Amino acid sequence: MDGNTSGEDGNDIDWSTEDELEIESFTLSSSSSLTVPGREAIVGSGEASSSQGPSNSKVVDHFVGMGFSGKMVAKAIQEHGEENTDSILETLLTYSALESSPQEQQQVDCDDQFSSDSKASFPDDFSDIDSYSDNEDILNPTSEKNKKLLSLVNMGYTVGEASIAIERCGLDSTVVELTDFICAAQMARAEDAHLPLEEKPRLNHAYKKRKLLEYELLKKKKHMRLGNKTIDEDDEAVHLPNPMVGFGIPSEPCLKTHRNLPEAALGPPYFYYENVALTPKGVWSTISRFLYDVQPEFVDSKYFCAAARKRGYVHNLPIENRFPLIPLPPHTIHEAFPLIRKWWPSWDTRTKLNCLLTSIASAKSTERIRKALEDYDGEPPLRVQKYVLDECRKWNLVWVGRNKVAPLEPDEVEMLLGFPKNHTRGISRTDRYKSLGNSFQIDTVAYHLSVLKDMFPNGINLLSLFSGIGGAEIALHRLGIRLKNVVSVEISAVNRNVVRSWWEQTNQRGNLYDLDDVQQLNGDRLEHYMTLFGGFDLVVGGSPCNNLTGSNRLHRDGLEGKESSLFYHYYRILDLVRSIKT
DNA sequence: AGGAGGATGATCACAACT
DNA sequence: AGTTGTGATCATCCTCCT
């Protein structure tokens, strides 16, 4: 309500200040100078560095372009000869590892960038950058780290990029994960490079990038625990609505009937992006900024079914004349599971389940609950009630016998989420919980997508990224919207099989193309599909939330986390689809 | 090899309180 | 205005077992 006008002014307070420009240049220069000694050669643009090369040899240019200093390249070529590029590379990597003293290098960077500012009071150890402590790793050119570096460089990335990626993603990450990380960073940079050329009526890319970097820096600051003074709160924190009903729910459809979308966001093609609502700070404002500044619609699926599911949806769909799927699903626990009423104690006042997660309670924890309860004949003391209720809420337990609680069965989860019964049958129990926990709530998504039915009476062409077990496809199918052509991208073969099997069971007449990796979906392939059937009408995607959710104890790294950074591929692909004319 | 089971806090917003 | 408490959360990693 109050957000649609005031949110804008709140945003553009300080992003053009010198602080931010410094932040930007800090991040960029540190990223390219971490492992490259000849700093002055690469601080400038790529053209500048290559023009400084000592010779006009192609090989020299090639390596200088990667970020090595001309002097080093010349020396390496002298050692190995121009044709032996692999050895040259190996040598260059070794040189840069040996010569650079990362601690000092960073010190210099920090001093450079922050000295004239009040923020110079920040300590000089940016702790998440300086994990260079394993000296063997650096000194040994055949170490795991250098092997990864080498393969990344061979793929065409600069040493600086590769090195940062390994730092940030960890040495254990696969090359695919590393390239993914680099790709996201490259996109942010590429946007700036293209800015003056493209006069598209779009958002300001440099602005977006700065915001992204600012968000990263904020995370670092938080890590450092400065103690005396709390960091300035960012005014741009996305405010979650209470009640969380988005632009309206079936029972209260008239809360809001119209919204003004930014011009750059107008469809077609339409897009629909989903992720968890409760993320670390700054994530949703970043997502929104990338997706054409569209305000997210935060909805809790407890208004659609018997389980909560707080999610944010960024989409450019109309919001008038939505309608829900019929029949309406059960809205309370008792409606959903009539048989458990018999065992449900009066002091358990839950009417809705909490969010359905990807794993379930252990048998031991339900056993502990049984033990705690069986000492009492009637109502247990408040202390015990609280313990039991806390556990039940935490693990979504339901009463299945006297003093006995149990987690939901997979088919019960399917029902709550709006999937056909036994949709995921045939895969392992663990996988069923995992896939279901990661998927859409069908009734919620269908309500939002329902406006497409009248707009596309002959059906739609759908691009579904991070499809999972096909939530979007099923929502559209249940709405009676024909699926003409579906390009579905999902990394998990198990999930792809679930979708393929559903596709066949429901006698779909259209075509399903399933791909496994969003990172391989490039402009050429997209263009191929789009010319094949004339463009996409809708691009749906719910990118991984692994690094955003509070359930993740170990790697809640925000949008730059290993999996969650795949969001940038949603943006990349969506932007491609919107720019390719068919 | 692969599945099942179990143990493992942290972050954030909001409410309630001093 | 600052502090404390409370509730909620599309998870990961290790070990054991078949």
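Remember, predicted model here, so these are calculated numbers, not experimental data. In what follows, chains are A, B, ... by sequence order, proteins preceding strands, each numbered from 1.
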Subject >> Residues that A:Y273 engages under ring-ring contact (aromatic ring centres under 6.0 Å, His included), provided they are two or more places apart >> reply: A:F567, A:Y570
**OP:** Could you pull out all residues at least two apart from A:I360 that satisfy side-chain contact (heavy atoms from CB on, under 4.5 Å)?
**Re:** A:P407, A:R429, A:Y433
Subject >> First encountered from the 5' end of DNA chain B, between A:R553 and A:A361 >> reply: A:A361
Got a list of protein N/O to nucleotides 5-9 of chain C N/O distances below 3.5 Å?
{"from": "C:dT9", "atom 1": "OP1", "to": "A:C355", "atom 2": "N", "distance (Å)": "3.1"}
{"from": "C:dT9", "atom 1": "OP2", "to": "A:N354", "atom 2": "ND2", "distance (Å)": "3.4"}
{"from": "C:dT9", "atom 1": "OP2", "to": "A:C355", "atom 2": "N", "distance (Å)": "3.3"}
{"from": "C:dT9", "atom 1": "O3'", "to": "A:T549", "atom 2": "OG1", "distance (Å)": "3.4"}
{"from": "C:dT9", "atom 1": "O2", "to": "A:G550", "atom 2": "O", "distance (Å)": "3.3"}
{"from": "C:dT9", "atom 1": "O2", "to": "A:S551", "atom 2": "N", "distance (Å)": "3.4"}

Original post:
With sequence neighbours left out, what residues match A:K310 under salt bridge (charged side-chain N to carboxylate O under 4.0 Å, His left out)?
Top reply: A:D300
Subject >> Of residues 425-443 of chain A, the positions that come close to DNA chain B - non-hydrogen atoms, cut-off under 4.0 Å >> reply: A:S428, A:R429, A:T430
**OP:** Taking A:N547 for its side chain and A:E563 for its backbone only, find out whether a donor-acceptor pair lies under 3.5 Å.
**Re:** yes
Original post:
Has A:N546 got a side-chain N or O lying under 4.0 Å from the OP1 or OP2 atom of C:dT12?
Top reply: yes
**OP:** Mark yes when over 12 heavy atoms from residues, nucleotides or ligands other than A:K404 sit less than 6.0 Å from its NZ; otherwise mark no.
**Re:** no
**OP:** Take atom CZ of A:R370 as the centre, draw a 6.0 Å sphere, and report whether it contains more than 12 heavy atoms from other residues, nucleotides or ligands.
**Re:** yes
Subject >> Rounded distance in Å - CD1 (A:I360) to C1' (C:dC10) >> reply: 16 Å
Original post:
Picking from A:L515, A:V540, A:L521, what satisfies side chain to side chain contact (heavy atoms under 4.5 Å, CB included) with A:L465?
Top reply: A:L521
Original post:
Looking across every strand, which nucleic acid part, if any, lies under 4.0 Å from A:G542 by heavy atom: base, sugar-phosphate, or nothing?
Top reply: base
Original post:
How is A:S543 classified with respect to the nucleic acid when contacts are heavy atoms under 4.0 Å: base, sugar-phosphate, or nothing?
Top reply: base
**OP:** Kindly point out which of C:dT12, B:dA13, B:dG6 is positioned nearest to the side chain of A:A363?
**Re:** B:dG6
**OP:** For B:dT8 versus C:dT9, give the span between their P atoms, rounded off to a whole number of Å.
**Re:** 22 Å
Original post:
What string of B, S and - do you get for nucleotides 13-18 of chain C 5' to 3' if you count protein non-hydrogen atoms under 4.0 Å?
Top reply: S-----
